[in-house]
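Below is one structure, written out as structure tokens; comments come after it.
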Amino acid sequence: MNFKNRTYWLFLLPTLLALLLVLIIPFFQGVYYSFTEYDGFQVTSFVGFDNYIKLFSDEQFIYSLGFTAAFSAASVIGINVLGLSFALLVTQKLGKVSTLFRTIYFMPNLIGGIILGFIWQFVFLKAFTGIADVTGMEFFRGWLSDTETGFWGLVILFVWQMSGYIMVIYISFLNNVPKELLEAATIDGANKWQSFWKVKFPLIIPAFTVSLFLTLSNAFKVYDQNMALTNGGPFGSTEMATMNIYDTAFKVQDMGYAQSKAIIFLIIITLISVIQLYITRKKETEL
Amino acid sequence: MKNKERTHKYTMMFIGAIVSLLWIYPFYLVFVNSIKTKADIFESTLGLPGTPTFENYPTAFAELDFLLTFFNSVLVTGGSILIIVLFTSMAGYALSRKPGKTSTAIYFLFAICMLIPFQSIMIPLISLFGAVDLLNRTGLAIMYLGLGSSLAVFLYVGAMKGIPKALDEAAIIDGCNRFQVYWYIMLPMLKSTTVTVIVLNAIWFWNDYLLPSLVINKEGMYTIPLKTFYFFGEYSTQWHLALAALVIAMIPIIVLYMFLQRYIIDGISEGAVK
């Protein structure tokens, strides 16, 4: 007994309408705006590919893309190494403590990027200075005041935030590794290390597909944390692509140009995600 | 062998405990400094407060207009959750019960939309909603429905495929209409998926800054992230107040996490794996 046509569309209507209004129409509208001079109220002229051409000589934008890419690379590695380590740690037979650990590692995820950014602003500015005062280690002084420490500050914040989330993904895959396989490996004399690399690891490759996809796309889209922690400073040197787009749109009010940046941003994210999915899926089948 | 196992266990516990301390240290620092005076923070950030003071809290609470701000957050998050759960589960029900080209195409449309990053539709979205006078909380809820629909629809379709169609048919023969089947039979059977959808979206809506900052422009309607942001701008040199505000802003979610951590972590892992 299938749905009657009318009821079928009635059930779909609200969601489809929202999808249309929020994503589909704005998407095409956005592609159009990217070819125009647009101030947010009206399109003043159609400029063809001018915005896109201009964008290639926009040093700050190119810089912000590079900065975002470097940030994403460092974060993705950090988050996945820590996330997997945490998952392995809490899936050992530790009794109730492992629930406590899991709860703690996951906690930063529940709090918004704005608040997390401010928390770490305090840690880097005040607590780090405190450490420098106490220990005399100059390394801790002046964090967030130059490009390099600003970069690592952002990476630390994001790794701290997301490792717990990725841990949860690895845990669910680790829990699906058949117990018999692990027991068999132990009987054959495998130690913990061997049973991880030879038994668990190959079986959780699909977890990498999911985790890498999530960490990569989330890292590229980071905005709140960037704004709250460094606000792009000093002098725009820690400005990520999303902030560059936002500022071009809502501070400079150059919406058409900002939109062309947004389209390039979309293409980059899509390309990276597709390439990553292709590579990791291939690894899944090879094993 | 037994001994070796025990050593392993304790080593792991030790490492786990060290990491845990490191992980909550930023929260600890924020809290401990929020109960210091301004001078105390300046003198020693790492140390304990000379005499703990809770004076910063009433000021921060009042400046955040916390009751109102909290209520705004509850309203935005709750309203949006209600809409997204209701409408996406309905859509998921329709898609899972009428296989064919139309449903496949719609499903595919949801999948594609999932890949669109927010920044690339942000500008036209705000223009469009501005033009139809929807830059308000209703508009915000519609935006969340659109942006969150893909994942929620996937989760619901996935879960409903596991429920036998014979159940619907029996109910319809007994005289139920489609909406009744959906409401009285399907929805109650989908509790765990609904929990997942609620958890994933609630965390997002509650903490979101960028979208509300573009949509909500009346100060009396600010949500917690918005208010925290503006508060910080004003009080950036007064850490004692700013930190107290951060603690207040975090309390609701931390309390909720303590009570619902099992559901929250399970919800996240289900949503992530599917």
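In what follows, chains carry the letters A, B, and so on, assigned in the order in which the sequence lines appear, proteins first and then strands, with residues in each chain numbered from 1. Keep in mind that what you see is a predicted model, and the values were worked out from it rather than measured.
Ranked by heavy-atom pairs shorter than 4.5 Å toward chain B, the options Gln29(A), Gln92(A), Lys126(A) are led by Lys126(A). Your options are Thr99(A), Ile119(A), Val123(A), Leu16(A), and the one with the most heavy-atom pairs under 4.5 Å with chain B is Ile119(A). Options Leu256(B), Ile142(B), Leu95(B), Leu210(B) differ in how many heavy-atom pairs under 4.5 Å they form with chain A, and the most are formed by Leu210(B). In terms of heavy-atom pairs under 4.5 angstrom with chain B, the leader among Pro206(A), Ser217(A), Pro108(A) is Pro108(A). For chain A, the option among Ser103(B), Ser44(B), Gly130(B), Pro225(B) with the highest count of heavy-atom pairs below 4.5 Å is Ser103(B). Heavy-atom pairs under 4.5 Å with chain A were tallied for Tyr182(B), Trp204(B), Tyr10(B); the largest tally goes to Tyr182(B). Of the residues considered (Leu243(B), Leu147(B), Asp266(B)), Leu243(B) shows the highest number of contacts with chain A, using heavy-atom pairs under 4.5 Å. In terms of heavy-atom pairs under 4.5 angstrom with chain A, the leader among Ala131(B), Ser127(B), Ala245(B) is Ser127(B). Ranked by heavy-atom pairs under 4.5 Å with chain B, the list Leu17(A), Ile25(A), Val97(A), Leu94(A) is led by Leu94(A). Of the residues considered (Ile112(B), Val153(B), Leu109(B), Ile264(B)), Leu109(B) shows the highest number of contacts with chain A, using heavy-atom pairs under 4.5 Å. Chain B forms the most heavy-atom pairs under 4.5 Å with one residue out of Thr7(A), Ile245(A), Leu21(A), and that residue is Leu21(A). Interface remark: of the candidates Ile115(A), Leu10(A), Ile24(A), Val90(A), Ile115(A) forms the most heavy-atom pairs closer than 4.5 Å to chain B.
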task = Take Met186(B) and Arg97(B), measure what side chain to side chain contact (heavy atoms under 4.5 Å, CB included) needs, and give me the verdict at the end.
result = CA-CA 11 Å; Met186(B) 300 306 282; Arg97(B) 287 302 188 257; 3.3 Å; yes
- Task: Apply salt bridge (Lys or Arg N to Asp or Glu O under 4.0 Å) to Lys251(A) and Asp247(A), showing your working.
- Result: CA-CA 5 Å; Lys251(A) 288 192 180 150; Asp247(A) 287 353; 3.5 Å; yes
- Give the intermediate values and the outcome of ring pair (Phe, Tyr, Trp, His ring centres under 6.0 Å) for residues Trp239(B) and Phe118(A). CA-CA 10 Å; Trp239(B) 278 109; Phe118(A) 288 139; 8.2 Å; no
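Of the two parts of Tyr223(A), only the side chain, counted from C-beta on, holds a non-hydrogen atom closer than 4.5 Å to a non-hydrogen atom of chain B. Neither the backbone nor the side chain of Tyr25(B) comes within less than 4.5 Å of any heavy atom in chain A. Residue Leu23(A) touches chain B through both its backbone and its side chain, counting heavy-atom pairs closer than 4.5 Å. Residue contact with chain B, scored on non-hydrogen atoms closer than 4.5 Å, involves the backbone of Asn109(A) exclusively. Looking at Leu86(B), neither its backbone nor its side chain comes within 4.5 Å of chain A, counting heavy atoms on both sides. With a 4.5 angstrom heavy-atom cutoff, Ser163(A) touches chain B only via side-chain atoms. For Leu226(B), no part lies under 4.5 angstrom from a heavy atom of chain A. The contact between Phe86(A) and chain B is made entirely by side chain atoms (from C-beta outward), counting heavy-atom distances below 4.5 Å. Of the atoms belonging to Leu128(B), it is side-chain heavy atoms, and not backbone ones, that fall under 4.5 Å from chain A. Contacts between Val134(A) and chain B at a heavy-atom distance below 4.5 Å involve the side chain alone, from C-beta outward. Residue Tyr170(A): no heavy atom, backbone or side chain, is found under 4.5 Å from chain B. For Ala258(A), the parts lying near chain B are the backbone and the side chain together; criterion is any non-hydrogen pair under 4.5 Å. Contact annotation for Ile116(B): both backbone and side-chain heavy atoms come within less than 4.5 Å of a heavy atom of chain A. Heavy atoms of Asn218(A) lying under 4.5 Å from chain B are absent altogether.
Aromatic ring orientation, Tyr38(A) versus Tyr33(A): parallel (interplanar angle below 30°, classes split at 30° and 60°). Between Tyr105(A) and Phe101(A), the angle of the ring planes stays under 30°, which puts this pair in the parallel group of the 30/60° scheme. Ring geometry for Phe250(A) versus Tyr246(A): interplanar angle of 30 to 60°, hence tilted. Ring orientation note: the planes of Phe128(A) and Trp143(A) are nearly perpendicular, at an angle over 60° on the 30°/60° scale.
In this structure, the separation between OG1 on Thr248(A) and CG on Asp254(A) is 7.5 Å, given to the nearest 0.5 Å. Atom CG of Leu89(A) and atom OG1 of Thr91(A) lie 8.0 Å apart (nearest 0.5 Å).
In Phe179(B), the CZ atom is crowded: over 12 heavy atoms of neighbouring residues, nucleotides or ligands sit closer than 6.0 Å.
The closest side-chain donor-acceptor pair between Tyr144(B) and Asp208(B) falls under 3.5 angstrom. There is no side-chain donor-acceptor pair under 3.5 Å between Thr223(B) and Tyr209(B). Between Arg178(B) and Tyr93(B), the side chains place a donor N or O and an acceptor N or O closer than 3.5 Å (distance only, hydrogens not considered). One side chain, Lys36(B) or Asn33(B), offers a donor N or O that lies under 3.5 Å from an acceptor on the other. Side-chain contact annotation: Thr103(A) with Gln261(B), donor-acceptor N/O pair under 3.5 Å present.
Under a cutoff of 6.0 Å and an axis angle of 45°, Lys98(B) and Tyr8(A) form a cation-pi pair.
Looking at Phe106(A) and Tyr257(B), their side chains come closer than 4.5 Å, going by heavy atoms from C-beta outward.
Panel note: side chain Thr88(B), backbone Ser149(B); no donor-acceptor pair is recorded below 3.5 Å. Using modelled atom types, no side-chain atom of Lys261(A) and backbone atom of Ser34(A) make a donor-acceptor pair closer than 3.5 Å.
Proximity to chain B at a heavy-atom threshold of 4.5 Å picks out Phe265(A), Leu266(A), Ile269(A) from residues 263-271 of chain A, in numerical order.
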